[in-house]
Each structure stands twice: as C-alpha cells, then as structure tokens.
2 protein chains.
Amino acid sequence: MHAEGLAALSLRELARLAGITTPTVYAYFESKNAIYDAMFGRAAEEFAEVMTGPYQTDDPRAVLACGVRRFVEFCTADVPRYQLLFQRTIRDFEPSAASFAPAVRALDALRGRLKANGITDPRHIDMWTAWTTGLVDQQLSNDPGGDRWSRLIDEFVDMFLAHCHTARRPPRSGQTRRRSS
Amino acid sequence: MHAEGLAALSLRELARLAGITTPTVYAYFESKNAIYDAMFGRAAEEFAEVMTGPYQTDDPRAVLACGVRRFVEFCTADVPRYQLLFQRTIRDFEPSAASFAPAVRALDALRGRLKANGITDPRHIDMWTAWTTGLVDQQLSNDPGGDRWSRLIDEFVDMFLAHCHTARRPPRSGQTRRRSS
DNA sequence: GTCTATATTCTGATAGAC
DNA sequence: GTCTATCAGAATATAGAC
C-alpha cells in the first residue's frame, strides 16, 4: 500500500503477501470493508496513543507545539494510514463506532492542550485544526519526506497564541458578545 | 461523480450518460486518463479564472480575504473537481503540462495578492497556503454546505497580517508602518 | 463516428472437499 | 483453517463492419 496507495489493496495480493489464499482471508474477515475497519481501528489506536502520550514539559505552549510536531510526524510517517484515517478515500467504507472511538479520545486531548493555553473559543479551535491539517496536506503534496514544516510550527504557535490572548476580552459580567455555541 | 466520487467514473457509465457506447468514447479520447486530463485542464482554467478575476476593491487586505472566500467557494462548490485538481486521488494519473499551466497562473496571482500586503517571505507564504487548504479540508469533512468558515476568514487575515508586519524587520529607512485593520 | 462483439484482466466473494 | 475451483461481474480497451 505504501507503493500503490490505499485503494490498491486487493484480497488476492493481501493473501499472497500473507502466504495464504484468497478464501482463507474470509476465515478471518467477513468482507473487504471489515479489513479496512480493522486497519482503521488499529490506526486510530496508534493515533490516540501518540497524541496522548506524556509531553516531557509543563509549559502549555511547548506542549501545543509538540502536539503539532507529533501530528505531522504521525501523518507523514505512513501516508496510507493517514488517508484511511483522515481523508476517507475508500468508497463505501465507514468506520464502525468501535473503531472510531480512539479518535475521539485524541480530539479531546487536543481540546485539553488548547484549554491549557486559555483557548476555548470554538472559532479558535477551528482555526487551529484548519492550520494543522493544512500543514499536513501541504507537506504531503509538496515536500514529502522534507522537514520544512518543522520551522513553521513555532512561528505559527506564537502568532496564534498572541492573537487569541489579545483578542480575549477581559471578563465582564453581562457579556453581550454573540458566540457560536 | 457528484454522487459517487471522482474515482467512480467508468467509461461504460460515461458513455451511457452521453448516449453513446463505450467504443465511441475512444473516438474522442485515446484513454481514460486523457479524459481525466481534459477534466483537469478545464478545472484549472475555471480555477484561474475565478482567482484572477477583478476584485472590486483596492484595499490589499480586503483583496486577500476575498481571495480566500473565492478559494473556499470554488473548492466546496464542486468536490470531485476539487479532488481532481488538488487531492491527486486518481491512481496513475498525472496532469499534462498544458493542463496544469493555468494553475500556475493562479498561484502567481496569489503571490501577487500577498506581496501587495508586504508578504514575500516563503515561510509566510507556506503558512498562508497551509491555512487556506486546511480550511477547505475542514469545511468539506466537517460541515459540507455550511458557512462556518466564512466567519473565520477575516479573523485569520487580521492575525496573519499583524504577525507578518511585526515580524518584518524595518526596511532600510525605518519605515515601520503598521495597519490597524 | 458509431456500432456489435469481444479480448483480457482484474475484482470481491462463494462452494465444497479435507 | 486451508485449500482448489469457480462464479458473476466489473474494468479498460480493441477489432472490424458500416
């Protein structure tokens, strides 16, 4: 799959690589999508494990930057895994709730890292995720294997935190600002 | 393709929709990838046309924000077109140089819009494109058809310009003009 | 340009013996 | 669990008549 892409997985080839024959595959999985689901579940576990692991520092800003590094490294380390997990490139495949669960854990952890930096506004969380996913996209399509992204991260984190902190209004009673839930 | 995705295009179905038979398709295109290439070329033309069209204002900042709006609208208006143009989701297909040319025009136009705002640092251009592509990604996967992204654009443009202008070293004569809006 | 007919090769999936 | 054998259908593409 690394060479041919995620959609190039055929049961024949999978069986050949496993040293078995095609029908034997059906002794382990009931359909091709069941295989994708198992792969999705494993990838989601790996993702949650990477993103929620200990961060070696107490500085919230450094944790945030480290999280981006882990995210980009995780995605670029295994492109088919990234496509399966985030790009939904397989037709007629939807991950089961069980396989999807770890991804929710990882998202909660992200919200925690942002909250530790005083960021709870959904708009700001949207801006954050838009940038980090775009960073991966750009990295994969423009410079696979390179590390140009690494130097952008600290600069973006600084810019982002400075913006959020200056935009944050001093707490007042009777806040009339409209918010999007 | 809107219903089934870009990769679901089969020559049988295409011929059926065109009211002809499969071999007749080969009177017009020499292979399936030639069809993709023609689609890519047309999509790239549309893209360049949208992005380089007149902007109704002279304010560089407003032009920049308008460019993002056009980009997101263009991508979300036709998802298969977006996949073909930017996601490279078709195996064994590479656009020809001729089909790709208009996309280069559009990228040059982006660089012009950024330059009008004093932004020429490649790092900052990378940060910009990472965010805009991430915005589209997020929009398509989380909230297709919605307009949540629209409210993020002005905030991001403000944040981005403020950052780039403060990070910029004063050019030779100490002219450190800062815009406020 | 358009057709009928077909070649070739792939796909996911199953029947049934052992 | 594993196999041989096979199904039913999809895919892109071509031959050759008109």
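Order of the sequence lines fixes the chain letters, A, B, ..., with proteins taken first and strands second; residue numbering starts at 1 for each chain.
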Item to check | Five-pair end axes of the helix from C:dG1-D:dC18 to C:dC18-D:dG1 and the angle they enclose, rounded to 10° | outcome: 10°

Next on the checklist: According to ring pair (Phe, Tyr, Trp, His ring centres under 6.0 Å), does anything in residues 10-46 of chain A pair up with another residue at least two apart or in another chain? List the pairs.
Outcome noted: A:Y36-A:F93

Next on the checklist: Within 45 degrees of the ring normal and closer than 6.0 Å to the centroid, is that where the cationic atom of A:R81 sits relative to A:F74?
Outcome noted: yes

Item to check | Test side-chain hydrogen bond (donor to acceptor under 3.5 Å, both in side chains) applied to B:R91 - qualifying residues, sequence neighbours left out | outcome: A:E4

Checklist entry - Between the side chains of A:T132 and A:T129, is a donor N or O closer than 3.5 angstrom to an acceptor N or O? => result no

Checklist entry - Do A:F86 and A:F47 have ring centres separated by under 6.0 Å? => result yes

Per-pair distances, 0.1 Å, donor-acceptor, side chain in residues 100-111 of chain A, under 3.5 Å, sequence neighbours excluded:
residue, atom, partner, partner atom, Å
A:R105, NH2, A:E45, OE1, 3.4
A:D108, OD1, A:R111, NH2, 3.1

Item to check | Residues in contact with DNA chain D, drawn from residues 30-43 of chain A - heavy-atom cutoff 4.0 Å | outcome: none

Checklist entry - Of all nucleotides in DNA chain C with an atom under 4.0 Å from a non-hydrogen atom of chain B, which is the first and which the last going 5' to 3'? => result C:dG1 to C:dA5

Item to check | Set of residues satisfying ring-ring contact (aromatic ring centres under 6.0 Å, His included) with respect to A:F160, sequence neighbours excluded | outcome: A:W128, A:F156

Next on the checklist: Once you apply a heavy-atom cut-off of 4.0 Å, does A:Y28 come out as touching a base, just sugar-phosphate, or nothing?
Outcome noted: sugar-phosphate

Checklist entry - What pairs meet the salt bridge (charged side-chain N to carboxylate O under 4.0 Å, His left out) rule with one or both residues in residues 15-38 of chain A, with sequence neighbours excluded? => result A:E13-A:R16

Checklist entry - Got a donor-acceptor contact below 3.5 angstrom from the B:Q138 side chain to the A:D126 backbone? => result yes

Checklist entry - Does B:V79 have any side-chain contact (heavy atoms from CB on, under 4.5 Å) partners at least two apart in sequence or in another chain, and if so, which? => result B:Q83, B:L140

Checklist entry - In residues 6-24 of chain B, which ones come under 4.0 Å of DNA chain C, going by heavy atoms? => result B:I20, B:T21, B:P23, B:T24

Next on the checklist: Could you work out, with side-chain contact (heavy atoms from CB on, under 4.5 Å) as the rule, every residue matching B:A62, not counting sequence neighbours?
Outcome noted: B:T57, B:D59

Next on the checklist: Considering only residues two or more places apart or on different chains, which pairs with a residue in residues 64-74 of chain A satisfy salt bridge (charged side-chain N to carboxylate O under 4.0 Å, His left out)?
Outcome noted: A:R69-A:D154

